[in-house]
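For ligands, and for the atoms within them, numbers begin at 1 and follow the listed sequence. What you see is a predicted model; the values in this text were computed from it and never measured.
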Amino acid sequence: MTTETALFTVRRADSQLSPSLPPFGQFIGGAFVPSSSSETVDIVNPATEEVLTKVPAGTVEDVDAAVAAAVAAKDAWAATTPRDRAAVLLKIADIIEANRELFETLEAANTGKPAAVAEDDISSAVDTFRFSAGAARAYSTLGADDYAENHTSVIHREPVGVVGVITPWNYPLLMAAWKIAPVLGAGNTLVLKPSEQTPLTTLKLAELITGEVPAGVLNIVTGPGRVVGNRLSEHPDVDLVAITGSVSSGQKVAAAASGSVKRVHLELGGKAPVVVFADADLEAAAKGVRSAGFWNGGQECGAACRVLVHESVAEKFTELLVREISEITVGTPGAGDAEIGSMISKAHYERVLAALDDVRKDGLTIAVGGRAIEGPGYFIEPTVVTNVPAGAAITSNEIFGPVVSVETFSTDEEAVTRANETIYGLAASVWTRDSARSLTVPRKLDFGTVWVNSHLVIATEMPWGGFKGSGYGRDLSSYALDDFSRTKHVMYNRG
Ligand code: NAD
């Protein structure tokens, strides 16, 4: 069945997805157990607005029980060798891979994302576990040596202890994998709180790996951030808390964590500039923004959402971009070729539509899209906003939807200054065929990842994380193992 709008079509699958749901309960000490409260949270399919299931609205007592289980399991897990831990991580990767279709269907049903995005999420989660298994074994410290007379120094890398992990809704299993793999690989135990909107694949993972991971090493508590996330952040027995989420949630986590002076790992929002110079391959840049600005419906922290294009090629580039975006297909997850799906929730859909109302109030031009698409489901048209002056709200507010804005600049210096004029510092891209520019401009940009003639290509071996308001943790790569480890210096007197 299809529903026509003026330009965009929502393709709807003929049959509904029928995902395999996880057990009901909190996963604590190696088993699903009842929550201390009977309150629940509805889990909705945002592409159909149907309630898929319910999960417990966890409590402080649930977190305390999970932390106690993680504390009890801590010493034995820390004493395992990297080889033992790698074997567990490889097993988890194999289990996800063997159940790939189940995870893809469940993820798509819970998030409204197209099949291609769900497939990529699951493949990347598998790769994250495999990489961390290898990296944990290859990880070493400086060799022992003398730095004071008659004294030999040895550096040990130790686990931090119990890690609290708080994940967002945009890539539920993948963001869990980005934390679970290095946290366990480095020898820590953990308690993870998935987003209250999208806990299903994380719970399914717990169900399928039960028995493969020692009891208490990995615990999952569902529920609201202000209760479960806050308790994890303040808990005196949690040694480090890591959150992937918005800046305001990161600020709350860091504030709650300060009471016990625990370490904090923050992967927060972004507003990635895409700087298109006059010498760029404009077609490639427009195609790049189509894929990297609208991947996962633009609900992506590194989304290519803010174009800065040189004034001499702005008209040509905008024409190419509008053509690309007009071709995007919108649909429900089961509808084969859909390029973008729904927004994650009614509340988020309303937030994105309110941002589009502000765009109109600010007198900016909506060159394509800009409206809701008739439901059921929280669909919004892929949108390009032009005629955007420097400093407009859309240049700095993270919309987190299928909306890209286009500004112009005159000089290289202006491009760099304007690109850096944001509280965020997660990711950026530069599009140019000039080799000098390709070397100098990325060095001047204040972002944790800068692509040249590309955007949103992620390599598991390379670090991912932000500067400034985007936080200061590093996911992926061996830098994540560093972040979830502590170093200890032991000095031996040989005198
Ligand atoms: P969110 O901040 O609303 O929620 C993230 C998590 O934090 C959820 O599990 C939520 O329950 C929890 N939380 C909320 N309030 C809390 C509190 N007071 N204490 C502890 N935990 C709390 O974010 P979201 O809407 O789920 O995800 C979208 C945001 O995540 C965007 O800003 C996006 O840019 C960001 N994000 C960043 C990265 C990255 O790698 N930097 C990756 C994905 C998403």
Side-chain angles (χ1 to χ4, degrees), residues 41 46 55 57-58 60 63 110-111 113 121 124 128 164-179 191-199 202 220-235 238 241-259 262 264-272 295-303 305-306 343-345 347-349 351-352 396-401 422-427 447-449 456 458 462-477 479-480 483:
V41 182
V55 298
V60 166
V63 175
N110 197 175
T111 58
K113 62 175 67 186
D121 286 9
S124 303
T128 303
V165 174
I166 300 167
T167 55
W169 48 255
N170 57 345
Y171 301 107
L173 187 71
L174 182 57
M175 292 300 100
W178 279 19
K179 297 293 194 279
V191 179
L192 187 152
K193 187 205 94 63
S195 162
E196 50 272 58
Q197 297 169 85
T198 57
T202 308
I220 317 280
V221 178
T222 57
R226 71 196 137 67
V227 179
V228 176
N230 182 62
R231 180 62 183 155
L232 269 180
S233 308
E234 68 177 13
H235 199 297
V238 172
V241 61
I243 177 172
T244 303
S246 59
V247 175
S248 79
S249 298
Q251 287 169 326
K252 287 177 191 141
V253 165
S258 69
K262 61 172 56 71
V264 180
H265 185 278
L266 301 175
E267 288 288 0
L268 308 179
K271 182 86 194 178
W295 182 256
N296 209 32
Q299 300 169 115
E300 153 65 56
C301 48
C305 56
R306 179 192 173 201
M343 299 293 94
I344 187 65
S345 64
H348 188 56
Y349 162 87
R351 264 199 303 272
V352 175
S396 52
N397 297 345
E398 186 187 44
I399 294 180
F400 223 59
T422 161
I423 64 151
Y424 297 108
L426 187 59
F447 299 85
T449 295
L456 215 56
I458 307 279
M462 291 294 114
W464 175 258
F467 300 151
K468 298 167 31 182
S470 295
Y472 41 73
R474 287 295 174 270
D475 285 330
L476 302 177
S477 74
Y479 292 94
D483 279 5

Worksheet item: Of the choices G471, A303, C301, which has the non-hydrogen atom that lies closest to atom 42 (C) of ligand 1?
Response: C301
Item to complete: Select one of side chain, backbone, both or neither to describe which atoms of K252 lie under 4.0 Å from any atom of ligand 1, heavy atoms only.
Response: side chain
Worksheet item: Is the backbone N or O of G297 less than 3.5 Å from a side-chain atom of K113, with the two atoms forming a donor-acceptor pair by type?
Response: no
Fill in: For W464, atoms of ligand 1 separated by under 4.0 Å from a heavy atom
39 (C), 40 (O)
Worksheet item: What are the atoms of ligand 1, with element, lying closer than 4.0 Å to any heavy atom of I243?
Response: 7 (O)
Practice prompt. Using a 4.0 Å heavy-atom cut-off, say whether Q197 meets ligand 1 through its side chain, its backbone, both or neither.
Written response: neither
Practice prompt. Say whether S470 and ligand 1 are in contact under the criterion: heavy-atom distance to a ligand atom below 4.0 Å.
Written response: no
Discussion item. I need the nearest protein heavy-atom contact for atom 11 (O) of ligand 1: residue, atom name and distance, please.
Written reply: E196 OE1, 2.6 Å
Practice prompt. Would you mind telling me if ligand 1 is within reach of the side chain of F400, the backbone, both or neither, using heavy atoms under 4.0 Å?
Written response: side chain
Practice prompt. Number the atoms of ligand 1 from 1 as they appear, then name those within less than 4.0 Å of a heavy atom of T167, with their elements.
Written response: 6 (C), 8 (C), 9 (O)
Worksheet item: Is T244 touching ligand 1 with its side chain, its backbone, both, or neither, if touching means heavy atoms under 4.0 Å apart?
Response: both
Practice prompt. Output yes when a side-chain donor or acceptor of D483 lies under 3.5 Å from a complementary backbone atom of D475, and no otherwise.
Written response: no
Worksheet entry | Proximity winner for atom 3 (O) of ligand 1, if only heavy atoms of S249, G245, P168 are counted | S249
Worksheet item: Should the proximity of E300 to ligand 1, defined as any heavy atom under 4.0 Å, be assigned to the side chain, the backbone, both, or neither?
Response: neither
Worksheet item: Any donor and acceptor pair, going by atom type alone, linking the side chain of E196 with main-chain N or O of T222 inside 3.5 Å?
Response: no
Worksheet, complete the sentence: Check: of A254, G466, G225, S248, min heavy-atom distance to atom 13 (N) of ligand 1 comes from G225
Worksheet item: With a 4.0 Å heavy-atom cut-off (strictly under), which part of N170 contacts ligand 1: side chain, backbone, both or neither?
Response: side chain
Worksheet item: If you measure from each non-hydrogen atom of V247 to ligand 1, which part falls under 4.0 Å: side chain, backbone, both or neither?
Response: neither
Fill in: Enumerated ligand 1 atoms positioned under 4.0 Å from heavy atoms of S195
9 (O)
